[in-house]
Amino acid sequence: MKELPKNFDHAEAEPRIYAAQEEAGLFKPQGEGDPYSIVIPPPNVTGSLHVGHALNNTLQDILCRYQRRKGRKVLWQYGVDHAGIATQMVVERQMAERQEPHRRDIGRDAFVQKVWDWKAESGGMIKNQLKRLGASLDWSRERFTMDEGLSAAVRKVFVQLYGEGLIYRDKRLVNWDPKFQTAISDLEVENNEVNGKMWHFAYPLVDGEVDGIKEIVIATTRPETMLGDGAVAVHPDDERYTNLIGKKVRLPIVDREISIIADEYPDPELGTGAVKITGAHDFNDFEVAKRHDIPLIVLMDEEARMMSTEENNVPERFHEMDRFEARKLVVQEIEAMGLLRGIEDKLIMQPFGDRSGVVIEPMLTDQWYVDAKTLAVPAVEAVRSGKTKFVPENWSKTYYNWMDNIEPWCISRQLWWGHRIPVWYGPDGTPFCAEDEASAHRLATEHYGGEAVELAQDSDVLDTWFSSALWPFSTLGWPEETDELKAFYPTAVLSTAFDIIFFWVARMMMMAMHFQKEVPFETVYIHAIVRDENGQKMSKSKGNVVDPLEYMDEFGADPLRFTLAAQATQGRDLSLSKQRVEGYRNFRTKLWNASRFLQMKEAPITDEAFDPEALKLPLNRWIAHEASAMTASVAKALDGFRFDEAASAIYQFAWGTFCDWYLELSKPVFDGGSAEEQAETRLVMGQTLRTILVTLEPFMPFVTREIYEAMAEGSSLEEQSWPTSDFSDEKAAAEVQAAVDLISEIRSARTEVNVPVGAKLTLVALDAPEEAKTILANQSGAIGRLARIETFEHASEAPKGSIQIVSRGTTYALPVADVIDLGAEVARLDKAIGKTEGELKKANGKLSNERFVQNAPAEVVAEERSRVEKFSEELEQLNTAKARLEAL
RNA sequence: GCUUCCGUAGCUCAGCGGUAGAGCACUCGCUUCACACGCGAGUGGUCACUGGUUCGAUCCCAGUCGGAAGCACCA
């Protein structure tokens, strides 16, 4: 044994241990066991570790380390994604800060090179942070979505889906981010409530009055879009407007005639019941416009500035005007024309780009789409049939809900950083989709009858999620048929927060089912959201973001990990508080000190053959019995993703059972036991510590390894397999438990009656049955030391001036003579009597209910009968004790 | 509006048909030879409310109230 220092220095030990393990190749797949794999949800290349990562990676690490102990050949696949918008934004910002030319000035290739340079320098910061956390990822297999291999996978998938008609080009409205000047997905749009206004504008009827009406009033929150109105719609059943349907109105400012049409879309209850239809700038209007063949009039350019063109008829004075300025001007002009009919204040939902923070504009553009509806069918079926399971199960509803309402997936982005769309256009715009330019040329040559032509590649790139949707198999080498793919696909678990079910899980499921004909993972484990200690969602704007690195600095990675695991309950968010982390730091210290105690008693972790059946001392048989129960329950908990239950089972056993009782009860063995008993106890101590360390290692990989190193003779923690002892000895367990109970009751009585802590007492067992006598004899050392009993006696009558306690049917008297506080003792007995009476009454009540006796299962009734018996006896003894006391 | 989830000790949360639990906090005591980041002993709960099912409900069902989240919509 190497002597453990008085304290564990996490700041020194953790990096040292991690480096040694990485060096030793322990994080790579080991051995010949049944493969087990997890792919990390790829962090953004721009990302740094936040508590969500800390939680998710702690849980994955626990699973991986646990499976390694169980002999599985584990691959935990690492990698990051290229985060199209985020990364381009970061690099552009950096260029601006350095006052370098804008990307448009340096051109596409130079800019992309700059991004690669940035990545080499500052990308993947999260890697070292994950190492600090102790994540046992296989770093040697690191992948990046823009790697050559993964890019090849992307091209292959695109080309195949295109060939199958599952990728197509279409002109539709998209969410346009005017800041980044690209389409973004619905999921990157945040809808926020803002204070807005609703303006009422009158559009005059062209042919004069109809039934006394000369105008129709529409309401809008976005006046600038009226310049592109193609119609006014009313509900066909809205009697106010029936006579106006088919009439024309004159659109002010642009001075254009548009029709009043009937459509189911307007809700007569809302606004004025008449809706302006701006097909090119509103998702709902777009649908209406399509139904009625209403022209789509585009008003804005890529920066969401107004345009004045021949097609849109917008007056020249609006040209290149910001959309919000245009709004003011439109209102002004309408008012000047006397057509403003009202302004209301209104809370409106406005879409914002989650990264740019600017108002998103619906824009009519050409984009590439994936036919998600078709791909979703097998992906849904895989979950319905149970091939992939959600844990907790109820998240599958969210998944179905999303999948059942899935929209075409817009995969093109007007960015420079990302996978370029593998489509080339001929001089007449004919698209040729191929995995590389040469193949595109072959297709083109064939198409144009042997003539070689110039081709221009589509300038857009693919949505980042397009490449990360392939992650579970592209990281394993696909489209190559690699050994890894064969061994590790499908993966065992995907662990993630619920907010990514749509973003990612759904898309991985679709791509995997289509290209592998096999699910990407057997289980989707959805973990909680980490909130602050007040249960508030963490956000930068609230300033309540907890930095996991700070906790690691202060307490080390082990306590943070244990805290996260212990709080990772299913179906509930977790609140992370410093106090909690501190508490588990204390647990680590407790274990450390217990190990130092073992060293003091010269009880190392040995490789000696250990057969619990051969143990002699009930104490040792008891702890072996408890230890095997603990390891079984931890395994069961982990198999069911109950990290909280697993953590608490270890904590309970290590502190509550091993330290508080076993080590204390071992002390009298070392005081007065035989040499054999001491040797046996040393052996069992070491074995039990080994069990604790092995089961705790997935949760606290650092301190467990440090202790094991120091305590073990000739073995290392990493070569231990998961303890699977099914040893059990109810008799020994009952005996030790009886002693533990008696000690507790004596301690409790002593305190309540104010017996001085140091006073050594005599314990008199009153008419004890044989069984109790045996236990008393076997456990006198333990009881003597822990309950401060000097002598043990047997009698039929309690000595005068005794505290009396009833434990497991036997009355024990503790003569304390003058020390006794008579009033306190009577109160104590009264309390016990009251409690027992209550229980007795409840049990009797049940048994006197005929229907209970008739209907309840026999064993429940029997249990209740034995409770009555037990409580009656106990009550009698307590009453006798009280009578005795009062007779004094 | 639709769909989830949650109301259990002061706090954070387990439990989920048959004796209410943990950690922290709190109170009292303790230099007991591993540990004061500790040891020992305690205090603290009509398990949100109302009905129903059941021999029996914190647990199942329905509703009410309170809180959170996601999705959709708001001209």
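Each chain gets a letter, A, B and so on, in the order its sequence line appears, and its residues count up from 1.
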Student: If I pick the C1' atom on B:rC13 and the same atom on B:rA68, what distance separates them, to the nearest angstrom?
Tutor: 16 Å
Student: Contact class for A:Lys760 (heavy atom, under 4.0 Å): base, sugar-phosphate, or nothing?
Tutor: nothing
Student: Considering every strand and a 4.0 Å limit on heavy-atom distances, what is the contact class for A:Arg750: base, sugar-phosphate, or nothing?
Tutor: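 If one applies the 4.0 Å heavy-atom cut-off, A:Arg750 turns out to touch nothing in the nucleic acid.
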Student: With a 4.0 Å cut-off on N to O distance, would you call A:Arg596 and A:Glu3 a salt bridge?
Tutor: no
Student: Distance between the P atoms of B:rA57 and B:rU19, in whole angstroms?
Tutor: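 Per the computed distance, 11 Å lies between those P atoms.
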Student: So what's the dot-bracket for RNA chain B: Watson-Crick or G-U pairs under 3.5 Å, [ ] if a pair crosses, | if it pairs off-strand?
Tutor: ((((((((.[[[[.)..(..]]]].(((((.......))))).....[[[[[..)....]]]]])))))))....
Student: Could you check which of B:rU4, B:rA14, B:rA34 has an atom nearest any side-chain atom of A:Asp644?
Tutor: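 Minimum distance to the A:Asp644 side chain belongs to B:rA14.
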Student: Between B:rG40, B:rA34, B:rA69, which nucleotide gets closest to the side-chain atoms of A:Arg747?
Tutor: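 Nearest listed nucleotide: B:rG40.
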Student: Does A:Arg682 come within less than 4.0 Å of A:Glu602, counting only side-chain N to carboxylate O?
Tutor: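 Salt bridge: no.
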Student: Between B:rC33 and A:Lys601, is there an OP1 or OP2 to side-chain N/O distance shorter than 4.0 Å?
Tutor: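 No, outside the criterion.
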Student: Closest-nucleotide mapping onto RNA chain B: is A:Glu752 or A:Asn855 further toward the 5' terminus? I mean the 5' end.
Tutor: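 It is A:Glu752, whose closest nucleotide lies nearer the 5' terminus.
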Student: Between A:Asp644 and A:Arg642 (salt bridge meaning N to carboxylate O under 4.0 Å), is one present in this structure?
Tutor: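 A:Arg642 and A:Asp644: salt-bridged.
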Student: Answer with base, sugar-phosphate or nothing: what part of the nucleic acid does A:Glu664 contact at a heavy-atom distance below 4.0 Å?
Tutor: base
Student: Do A:Phe653 and A:Tyr662 make the cut of ring centroids closer than 6.0 angstrom?
Tutor: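 Not close enough - the centres of the two rings lie 6.0 Å or further apart.
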Student: Under 4.0 angstrom, heavy atoms only, what part of the nucleic acid is A:Thr278 near: base, sugar-phosphate, or nothing?
Tutor: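 Result for A:Thr278 = nothing.
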Student: Rounded to the Å, how far apart are A:Trp592 CH2 and B:rA34 P?
Tutor: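 To the nearest whole Å, that distance equals 17 Å.
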Student: Base, sugar-phosphate, or nothing: which does A:Arg222 touch, judged by heavy atoms less than 4.0 Å apart?
Tutor: nothing
Student: Touch check for A:Asn191, heavy atoms < 4.0 angstrom, all strands: base, sugar-phosphate only, or nothing?
Tutor: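 If one applies the 4.0 Å heavy-atom cut-off, A:Asn191 turns out to touch nothing in the nucleic acid.
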Student: Could you tell me whether A:Lys760 and A:Glu790 make a salt bridge, using a distance below 4.0 angstrom between a side-chain N and a carboxylate O?
Tutor: no
Student: I need the CD-P distance between A:Glu645 and B:rG23, as an integer number of Å.
Tutor: 16 Å
Student: Provide the distance between the two P atoms, one in B:rA62 and one in B:rC6, to the nearest whole Å.
Tutor: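 Taking atom P in both B:rA62 and B:rC6, they lie 14 Å apart.
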Student: Looking only at heavy atoms, what is the nearest atom pair of A:Arg750 and A:Ala759, with distance?
Tutor: NH2-O, 2.7 Å
Student: Can you figure out which of B:rA34, B:rC55, B:rU4 approaches the side chain of A:Arg851 most closely?
Tutor: B:rC55
Student: Quote, to the nearest angstrom, the P distance that separates B:rU4 from B:rC60.
Tutor: 16 Å
Student: Under 6.0 Å between the ring centres of A:Phe8 and A:Phe702?
Tutor: no
Student: For nucleotides B:rC47 and B:rC59, find the distance between their P atoms and express it as a whole number of Å.
Tutor: 10 Å
Student: Would you say B:rC39 has OP1 or OP2 under 4.0 Å from some side-chain N or O of A:Trp655?
Tutor: yes
Student: Side chain of A:Glu745, base of B:rA41: donor and acceptor closer than 3.5 Å?
Tutor: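 Answer no: no donor N or O sits under 3.5 Å from an acceptor.
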Student: To the side chain of A:Thr589, which of B:rC55, B:rC37, B:rC33 is closest?
Tutor: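 Of B:rC55, B:rC37, B:rC33, B:rC37 is nearest to the side chain of A:Thr589.
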Student: Remember a base hit wins even if backbone is also touched, and classify A:Val757 as base, sugar-phosphate or nothing at under 4.0 Å, heavy atoms.
Tutor: sugar-phosphate
Student: Please state whether the phosphate of B:rC28, meaning OP1 or OP2, lies under 4.0 angstrom from any side-chain nitrogen or oxygen of A:Thr751.
Tutor: no
Student: So A:Arg580, base contact, sugar-phosphate only, or nothing? Heavy-atom distance under 4.0 Å.
Tutor: base
Student: At 4.0 Å (heavy atoms only), tell me whether A:Tyr265 reaches a base, stays on the sugar-phosphate, or touches nothing.
Tutor: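 Sugar-phosphate contact only.
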Student: What integer distance in Å separates A:Gln567:CD from B:rG23:P?
Tutor: 14 Å
Student: Taking the nucleotide of RNA chain B with the closest heavy atom to each, which residue, A:Ser748 or A:Lys6, is nearer the 5' end?
Tutor: A:Lys6
Student: Take atom C1' in B:rU12 and the same atom in B:rC35, then report the distance between them in whole Å.
Tutor: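 It comes out at 26 Å once rounded to the nearest Å.
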Student: Does B:rA36 have OP1 or OP2 under 4.0 Å away from a side-chain N or O of A:Lys590?
Tutor: no
Student: Over how many whole Å does the gap from A:Asp186 atom CG to B:rC73 atom C1' extend?
Tutor: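 Distance check: A:Asp186 CG to B:rC73 C1' gives 14 Å.
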Student: Assign A:Thr398 to base, sugar-phosphate, or nothing according to its heavy-atom contacts below 4.0 angstrom with the strands shown.
Tutor: nothing
Student: Can you tell me how far C1' in B:rA9 sits from the matching atom in B:rC26, rounded to whole Å?
Tutor: 12 Å
Student: Looking only at the side chain of A:Arg788 (C-beta and beyond, no hydrogens), which of the listed nucleotides B:rG18, B:rG70, B:rU32 gets closest?
Tutor: B:rU32
Student: With respect to the side chain of A:Asn593, which nucleotide from B:rA34, B:rC55, B:rU32 is positioned closest?
Tutor: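 Of B:rA34, B:rC55, B:rU32, B:rA34 is nearest to the side chain of A:Asn593.
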Student: What are the two closest non-hydrogen atoms of A:Gly656 and A:Trp661, and how far apart are they?
Tutor: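 Result for this residue pair: O-CD1, 3.2 Å.
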Student: Under a 4.0 Å N-O cut-off, is there an ion pair linking A:Glu869 with A:Arg867?
Tutor: no
Student: Could you report the tightest heavy-atom contact between A:Tyr551 and A:Lys578, atom names first, then the distance?
Tutor: OH-N, 3.3 Å
Student: Side chain of A:Gln579: nearest nucleotide among B:rU12, B:rA25, B:rU4?
Tutor: B:rA25
Student: Is the phosphate of B:rG38, meaning OP1 or OP2, less than 4.0 Å from a side-chain N or O of A:Asn586?
Tutor: yes
Student: Using atom C1' of each nucleotide, how far apart are B:rC71 and B:rG63 to the nearest Å?
Tutor: 25 Å
Student: For A:Trp199, report the nucleic acid contact type (base, sugar-phosphate, nothing); a contact means any heavy atom under 4.0 Å.
Tutor: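 Contact class for A:Trp199: none.
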Student: Base, sugar-phosphate, or nothing: which does A:Arg585 touch, judged by heavy atoms less than 4.0 Å apart?
Tutor: base
Student: Are any of A:Lys667's side-chain N or O atoms less than 4.0 Å away from OP1 or OP2 of B:rA34?
Tutor: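 For B:rA34, OP1 or OP2 has a side-chain N or O of A:Lys667 closer than 4.0 Å.
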Student: Given B:rG40, B:rC35, B:rC55, identify the nucleotide with an atom nearest to the side chain of A:Ala856.
Tutor: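 Closest of the options to the side chain of A:Ala856: B:rC55.
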Student: Calculate the interatomic distance between A:Phe643 atom CZ and B:rA14 atom C1'; express it in whole Å.
Tutor: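 These atoms are roughly 16 Å apart.
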Student: Would you mind classifying the nucleic acid contact of A:Asn401 as base, sugar-phosphate or nothing, using non-hydrogen atoms under 4.0 angstrom?
Tutor: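 Touches nothing.
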Student: Does A:Ser748 reach the main-chain N or O of A:Glu745 with its side chain, forming a donor-acceptor pair under 3.5 Å?
Tutor: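 A pair under 3.5 Å: no.
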Student: Using a cut-off of 4.0 Å on non-hydrogen atoms, how would the nucleic acid contact of A:Arg642 be classed: base, sugar-phosphate, or nothing?
Tutor: sugar-phosphate
